[in-house]
Amino acid sequence: MLIQFIIIFGCLALGELIVWLTGIKFPSCIIGMILLTVFLKIKLIKYEWVNKISNFLLENLAFFFVPPSVALMKYFDIIKAEWLPIILATVVSTIVVLIASGWTHQIFRKHFFNKKEDKNGTSEK
(Lines give C-alpha, C1' and ligand atoms only; values in the text may rest on other atoms or scores of the structure.)
Protein backbone atom coordinates (compact mmCIF):
# COMPACT_ATOMS: atom_id res chain seq x y z
CA MET A 1 0.00 0.00 0.00
CA LEU A 2 3.01 2.27 0.48
CA ILE A 3 3.82 2.09 -3.24
CA GLN A 4 0.24 3.09 -4.08
CA PHE A 5 0.50 6.01 -1.68
CA ILE A 6 3.78 7.08 -3.30
CA ILE A 7 2.19 6.94 -6.78
CA ILE A 8 -0.77 9.11 -5.77
CA PHE A 9 1.34 11.66 -3.94
CA GLY A 10 3.99 11.53 -6.65
CA CYS A 11 1.37 12.80 -9.11
CA LEU A 12 0.45 15.51 -6.60
CA ALA A 13 4.13 16.47 -6.24
CA LEU A 14 4.50 16.53 -10.02
CA GLY A 15 1.53 18.90 -10.18
CA GLU A 16 3.21 21.11 -7.54
CA LEU A 17 6.41 21.08 -9.57
CA ILE A 18 4.60 22.08 -12.76
CA VAL A 19 2.91 25.02 -10.98
CA TRP A 20 6.20 26.08 -9.41
CA LEU A 21 8.15 25.86 -12.69
CA THR A 22 5.55 27.53 -14.89
CA GLY A 23 4.05 29.95 -12.38
CA ILE A 24 0.54 29.29 -13.68
CA LYS A 25 -2.33 30.22 -11.41
CA PHE A 26 -4.00 26.82 -11.30
CA PRO A 27 -4.39 24.44 -8.33
CA SER A 28 -1.55 21.95 -8.31
CA CYS A 29 -3.80 19.24 -6.88
CA ILE A 30 -6.01 19.47 -9.98
CA ILE A 31 -2.96 19.22 -12.24
CA GLY A 32 -1.81 16.19 -10.24
CA MET A 33 -5.23 14.58 -10.63
CA ILE A 34 -5.18 15.24 -14.38
CA LEU A 35 -1.70 13.73 -14.58
CA LEU A 36 -2.83 10.64 -12.67
CA THR A 37 -5.80 10.29 -15.04
CA VAL A 38 -3.56 10.65 -18.09
CA PHE A 39 -1.04 8.15 -16.68
CA LEU A 40 -3.85 5.67 -16.05
CA LYS A 41 -5.31 6.25 -19.52
CA ILE A 42 -2.01 5.70 -21.34
CA LYS A 43 -1.29 2.71 -19.08
CA LEU A 44 1.88 4.22 -17.61
CA ILE A 45 0.26 3.48 -14.24
CA LYS A 46 -1.91 0.39 -13.90
CA TYR A 47 -5.27 0.60 -12.14
CA GLU A 48 -4.30 -2.24 -9.79
CA TRP A 49 -1.35 -0.18 -8.55
CA VAL A 50 -3.60 2.51 -7.05
CA ASN A 51 -6.88 0.65 -6.50
CA LYS A 52 -6.59 -0.09 -2.77
CA ILE A 53 -5.35 3.33 -1.67
CA SER A 54 -7.96 5.05 -3.87
CA ASN A 55 -10.77 3.04 -2.30
CA PHE A 56 -9.40 3.75 1.18
CA LEU A 57 -9.24 7.49 0.52
CA LEU A 58 -12.75 7.55 -0.96
CA GLU A 59 -14.19 5.59 1.97
CA ASN A 60 -12.68 8.12 4.40
CA LEU A 61 -13.42 11.22 2.34
CA ALA A 62 -15.67 12.76 5.02
CA PHE A 63 -12.70 12.82 7.41
CA PHE A 64 -10.88 15.24 5.10
CA PHE A 65 -13.71 17.77 5.41
CA VAL A 66 -13.37 18.11 9.19
CA PRO A 67 -10.51 20.68 9.23
CA PRO A 68 -12.16 23.06 6.73
CA SER A 69 -15.46 22.73 8.57
CA VAL A 70 -13.84 23.62 11.88
CA ALA A 71 -12.03 26.54 10.25
CA LEU A 72 -15.34 27.72 8.82
CA MET A 73 -16.72 28.05 12.36
CA LYS A 74 -14.16 30.75 12.95
CA TYR A 75 -15.98 32.99 10.46
CA PHE A 76 -19.59 32.51 11.56
CA ASP A 77 -19.93 36.22 12.39
CA ILE A 78 -18.95 37.20 8.83
CA ILE A 79 -21.19 34.50 7.35
CA LYS A 80 -24.10 35.68 9.51
CA ALA A 81 -23.63 39.28 8.36
CA GLU A 82 -23.28 38.36 4.66
CA TRP A 83 -25.52 35.30 4.32
CA LEU A 84 -27.68 36.69 1.50
CA PRO A 85 -24.81 37.44 -0.95
CA ILE A 86 -23.24 34.08 -0.08
CA ILE A 87 -26.48 32.19 -0.81
CA LEU A 88 -27.11 34.19 -4.01
CA ALA A 89 -23.57 33.61 -5.27
CA THR A 90 -23.85 29.91 -4.50
CA VAL A 91 -27.19 29.49 -6.27
CA VAL A 92 -26.22 31.57 -9.32
CA SER A 93 -22.82 29.91 -9.73
CA THR A 94 -24.39 26.45 -9.37
CA ILE A 95 -26.92 27.24 -12.10
CA VAL A 96 -24.21 28.67 -14.38
CA VAL A 97 -22.02 25.59 -13.90
CA LEU A 98 -24.94 23.25 -14.59
CA ILE A 99 -25.86 25.12 -17.78
CA ALA A 100 -22.25 25.33 -18.99
CA SER A 101 -21.68 21.64 -18.25
CA GLY A 102 -24.89 20.64 -20.02
CA TRP A 103 -24.09 22.71 -23.11
CA THR A 104 -20.52 21.40 -23.22
CA HIS A 105 -21.76 17.83 -22.92
CA GLN A 106 -24.32 18.36 -25.70
CA ILE A 107 -21.70 19.92 -27.99
CA PHE A 108 -19.27 17.06 -27.42
CA ARG A 109 -21.93 14.43 -27.99
CA LYS A 110 -23.17 16.16 -31.12
CA HIS A 111 -19.76 16.69 -32.70
CA PHE A 112 -17.70 13.76 -31.47
CA PHE A 113 -19.87 10.83 -30.45
CA ASN A 114 -22.91 10.82 -32.72
CA LYS A 115 -21.07 10.87 -36.05
CA LYS A 116 -20.60 7.47 -37.60
CA GLU A 117 -18.85 6.83 -40.84
CA ASP A 118 -20.58 4.65 -43.35
CA LYS A 119 -18.77 2.63 -46.00
CA ASN A 120 -18.57 5.56 -48.42
CA GLY A 121 -16.70 7.73 -45.92
CA THR A 122 -19.56 10.16 -45.34
CA SER A 123 -20.74 10.81 -41.86
CA GLU A 124 -24.29 10.23 -40.74
CA LYS A 125 -26.10 11.14 -37.53
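What you see below is based on every heavy atom in this structure, not just the backbone, and it leaves out hydrogens, waters and symmetry mates. Residue numbers run from 1 in the order of the sequence given.
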Contact summary for F26 and V19, nearest pair of heavy atoms:
O-CG2, 3.4 Å
Applying ring pair (Phe, Tyr, Trp, His ring centres under 6.0 Å) to F9 and not counting sequence neighbours gives F5
Any side-chain to backbone donor/acceptor pair from S93 onto T90? Under 3.5 Å, distance only.
yes
Would a 4.5 Å heavy-atom cut-off, applied to side chains only, mark I107 and K110 as touching?
no
Group every Ile, Leu, Val, Met, Phe, Trp and Tyr by side-chain heavy-atom contacts under 4.5 Å, then state whether I6 and M33 land in the same group.
no
State which residue, out of V50, L2, I53, fulfils the side chain to side chain contact (heavy atoms under 4.5 Å, CB included) condition with I7.
V50
Donor-acceptor contact present, side-chain Q4 to main-chain K52, <3.5 Å
yes
Output the distance between atom OG (S28) and atom CH2 (W20), rounded to the nearest 0.5 Å.
13.5 Å
Which atom pairs, one a donor and one an acceptor, fall under 3.5 Å between side chains of residues 58-81 and the rest of the protein, sequence neighbours left out?
from, atom 1, to, atom 2, distance (Å)
N60, ND2, F56, O, 2.9
S69, OG, F65, O, 2.7

If hydrophobic clusters are built from ILVMFWY residues whose side chains come within less than 4.5 Å, do L88 and I99 share one?
yes
Side-chain contact, heavy-atom cut-off 4.5 Å: I18 with L35?
yes
Separation of I8 CD1 from I3 CD1 (nearest 0.5 Å):
12.5 Å
With clusters defined by side-chain heavy atoms of hydrophobic residues (ILVMFWY) lying less than 4.5 Å apart, directly or transitively, does V92 cluster with I95?
no
Give the minimum heavy-atom separation between L12 and C29, together with the two atoms involved.
CD1-CA, 3.6 Å
I'd like to know if W103 and V97 are part of one continuous hydrophobic network [Ile/Leu/Val/Met/Phe/Trp/Tyr, side-chain heavy atoms within less than 4.5 Å].
no
Roughly how far apart are R109 CZ and H111 NE2, rounded to 0.5 Å?
13.0 Å
Looking at G15 and I31, what are the two nearest heavy atoms and their distance?
CA-CG2, 3.8 Å
Quick one: does I45's side chain get under 4.5 Å of C11's, heavy atoms only?
yes
